[in-house]
Amino acid sequence: MGIPQAMDALRGKASLVRESLHKSQTITDNMVSILGSFDHRLSALETAMRPTQIRTHSIRRAHENIDKTLKSADVILGQFDLTRKAEAKILRGPHEDLESYLEAIDQLRANVRFFSSKKSFKSSDGILNHANNLLAKAISKLEDEFRQLLTNYSKPVEPDRLFECMPNSLRPSSASSSKSNSDNQNKSLETSIYTPPILIPPRVLPLLHDLAQQMVQANHQQQLFKIYRDIRAAILEQSLRKLGVERLSKDDVQKMQWEVLEAKIGNWIHYMRIAVKLLFAGEKKICDQVFDGVDSLRSPCFAEVTANSVATLLSFGEAIAKSKRSPEKLFVLLDMYEIMREVQPEIEYLFGNKACIEMREASLSLTKRLAQTAQETFGDFEEAVEKDATKTAVLDGTVHPLTSYVINYVKFLYDYQSTLKQLFQEFDASDPDAQLASVTTRIMRALQNNLDGKSKQYKDPALTQLFLMNNIHYIVRSVRRSDAKDMLGDDWVQIHRRIVQQHANQYKRVSWAKILQCLTVAGNSSGGGGDSSGLSRTMIKDRFKTFNIQFEELHQRQSQWTVPDSELRESLRLAVAEVLLPAYRSFIKRFGPAIENGKNPQKYIRYNPEDLERMLSEFFEGKTWNEQKR
């Protein structure tokens, strides 16, 4: 094929392509036109449909709002129904069914909260006012119910019931107020079990608790506090009065006879134990249960309930501690100090809260004051012993009443050993054993000083020595048989035994030296005949006459004297006999024949050695003159 032909063919193809492109553009333009027409129609359709869509949406929202309103109405109607039911229960009062009554109050409170959150509800204010008024009436009835329930089940505890709650050893039938078994009592107290009495039946306590909770929720704490305090405080005071507790002032105490006061102190010790370990413990228990979960009321209520009773008990102790001191009060002061120490742990527990601080401190103060008064009484006693100026005459030289009084006093003191050691440590941290030994030594020294003074009242020096011998011997013997021996020590005992012996020797010397001179002759040792003695018959007669007169005087006088201890009495007689009888036998053997060969020998030799021995056995028997003549 030639080039021209090829060009023609190419042009033909190009023309076909142009036509095809032209047709394609036409189709495209037509399609664009058609699509544009659709778009216009759709926009018109959308515009036409919009009002219908809006109406449909509004209808749907209206349905939703109607549903919500119906539901809200149901809830409100339900609350109205609950309020009506609660009102019915409240109007019936709490007495028939307290549990339902309390549930109704809870429901009413819930309704108040509900309508308080629905302020948009037109009637909410009216409903709230009605509900709050109903609630106020309900709480008022609750107060009445709480008061009535507490009053009905609060009764004073009879003494017999309280005694049953105590350990057997401390019940009135078996308890002893004497201190003879003090240490055993103290040991038994350590394991004693006290069972607080049931002050309010256990089934009632949960009801009182629920009532109290409702009153607290209603902000009626003050009313609750007052009701509980007034009722329980009065009942506690009645229980103590039934027991025998009475309020006594310092003046009342000062006016009492000692025997009456001593009995009241013994009773007070029992009252303290019963009050703290039983009554106060019982009050604490029910107070904790009724006010469980209400810490703001629990401790203050207990403090107020017990305040007056505690004050009444402690005031008696204070009156005794502040009263005029005297030696006989020391032991009751120690008894009172003991009981305060015994109940101190319970007081710390029961009155440990801040609300009870005054009672706790008052108790500690009384304990300290009793200790101080007891210690001062010690000092008074020591001084009184040394300065005792009683004119009680002990004519026979026996143990002076002051000696037996002081020794018995010291024996009683040692029944309180553990208490005394605690008391000493209240004021001085040094060794309490050493302090007790020191106190005992000072009392003994004061007694001996006083006895030395009293011994000087005797005109007969022999009786002076006998008096001191008797009294020191009594002291030593008593110490050896008591716990004081361990405190004073063996050295003290041995020293004072030697003092007894010294007074016995002095008695022999003073009493018998002169009569023994009658039986002593210079050159006696020669043992020769009558001439070697240098004594004439007349002188020998005078010697016998003098001996007889002196011995009879001694017998008459010293048979009236007394040595109360049988061993000491026999020992002293034996000591005299060992000196007198050998000397008399020797004198008779040597000079008797000179008299026996003369006229009326019995006038001069009135006694043989056996007579003297028999008469010596009558010495120190404390016989009266009439008894001697029989």
Side-chain angles (χ1 to χ4, degrees), residues 143 146-147 149-157 161-162 165 194-217 219-243 245 247 271-315 317 339-340 342-367:
E143 284 183 19
F146 184 85
R147 182 184 289 105
L149 201 60
L150 189 60
T151 301
N152 289 345
Y153 290 100
S154 291
K155 304 296 179 189
V157 186
R161 269 189 63 208
L162 290 170
C165 298
Y194 292 80
T195 310
I198 295 172
L199 302 181
I200 292 177
R203 63 184 175 80
V204 178
L205 288 170
L207 300 177
L208 289 170
H209 171 261
D210 292 344
L211 288 167
Q213 290 284 352
Q214 290 290 354
M215 291 173 69
V216 169
Q217 288 181 44
N219 292 321
H220 281 232
Q221 289 95 326
Q222 288 304 314
Q223 296 90 321
L224 173 63
F225 180 91
K226 187 176 185 306
I227 292 168
Y228 188 88
R229 178 199 62 195
D230 292 350
I231 293 172
R232 287 308 308 169
I235 292 298
L236 176 58
E237 289 164 30
Q238 286 178 46
S239 296
L240 288 173
R241 278 197 298 274
K242 279 179 172 283
L243 192 61
V245 175
R247 185 180 280 275
Y271 299 158
M272 278 300 297
R273 188 176 281 125
I274 290 169
V276 174
K277 300 195 177 201
L278 297 178
L279 289 173
F280 295 164
E283 288 295 340
K284 171 78 171 170
K285 187 175 180 181
I286 63 171
C287 199
D288 285 350
Q289 288 179 268
V290 171
F291 295 105
D292 183 31
V294 191
D295 293 342
S296 61
L297 287 182
R298 187 168 54 200
S299 296
C301 263
F302 174 70
E304 288 288 324
V305 164
T306 54
N308 197 46
S309 295
V310 171
T312 298
L313 286 163
L314 296 185
S315 66
I339 190 60
M340 291 306 296
E342 180 188 324
V343 300
Q344 202 60 50
E346 283 92 345
I347 287 174
E348 290 290 336
Y349 165 70
L350 295 172
F351 301 99
N353 194 277
K354 187 177 179 181
C356 303
I357 190 169
E358 286 186 16
M359 284 169 281
R360 191 168 68 251
E361 288 181 349
S363 170
L364 288 169
S365 173
L366 175 58
T367 305

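Keep in mind that this is a model prediction, so the values were computed, not measured. The first residue in the sequence is number 1, and the count goes up from there.
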Item to check | Heavy-atom donor-acceptor pair, T312 side chain to R247 backbone, under 3.5 Å | outcome: no
Item to check | Exam field: side chain R161 to backbone I198, donor-acceptor pair closer than 3.5 Å | outcome: yes
Restricting to non-hydrogen atoms, name the atom on [X] and the atom on [Y] that form the minimum distance, rounded to 0.1 Å.
X    : Y    : value
V157 : P197 : CG1-CB, 4.5 Å
K242 : P156 : CE-CG, 3.9 Å
L278 : L162 : CD1-O, 3.4 Å
A281 : P196 : CB-CG, 4.2 Å
S363 : M340 : OG-CE, 3.4 Å
E143 : I227 : O-CD1, 4.0 Å

Checklist entry - Would Y194 and C165 count as a side chain to side chain contact (heavy atoms under 4.5 Å, CB included) if you check the C-alpha gap in whole Å, the side-chain angles of each, and the deciding distance to 0.1 Å? => result CA-CA 6 Å; Y194 292 80; C165 298; over 6 Å; no
Item to check | Under the salt bridge (Lys or Arg N to Asp or Glu O under 4.0 Å) test, residues paired with E346 that sit two or more places apart | outcome: K277
Checklist entry - Would you say E358 has more than 12 foreign heavy atoms packed within less than 6.0 Å of its CD? => result no
Checklist entry - What's the verdict on side chain to side chain contact (heavy atoms under 4.5 Å, CB included) for L150 and I200, showing C-alpha distance, side-chain angles and the deciding distance? => result CA-CA 8 Å; L150 189 60; I200 292 177; 3.7 Å; yes
Is any side-chain heavy atom of [X] closer than 4.5 Å to a side-chain heavy atom of [Y]?
X    : Y    : value
Q238 : I235 : yes
D292 : R298 : yes
L364 : Q344 : yes
F146 : Q223 : no

Kindly compute the distance separating [atom1] ([X]) from [atom2] ([Y]), expressed to the nearest 0.5 Å.
X    : Y    : atom1 : atom2 : answer
L279 : T306 : CG    : OG1   : 11.0 Å
L350 : S299 : CG    : OG    : 11.0 Å
I231 : N152 : CD1   : CG    : 9.0 Å
C301 : I286 : SG    : CD1   : 10.5 Å
L297 : Q222 : CG    : CD    : 7.5 Å
L240 : F280 : CG    : CZ    : 6.0 Å

Item to check | Under the ring pair (Phe, Tyr, Trp, His ring centres under 6.0 Å) test, residues paired with Y228 that sit two or more places apart | outcome: F291
Next on the checklist: The test is side chain to side chain contact (heavy atoms under 4.5 Å, CB included); show your working for S154 and L199 and say whether it passes.
Outcome noted: CA-CA 7 Å; S154 291; L199 302 181; over 6 Å; no
Checklist entry - Looking at F351 versus F302, is the centre-to-centre ring distance below 6.0 Å? => result yes
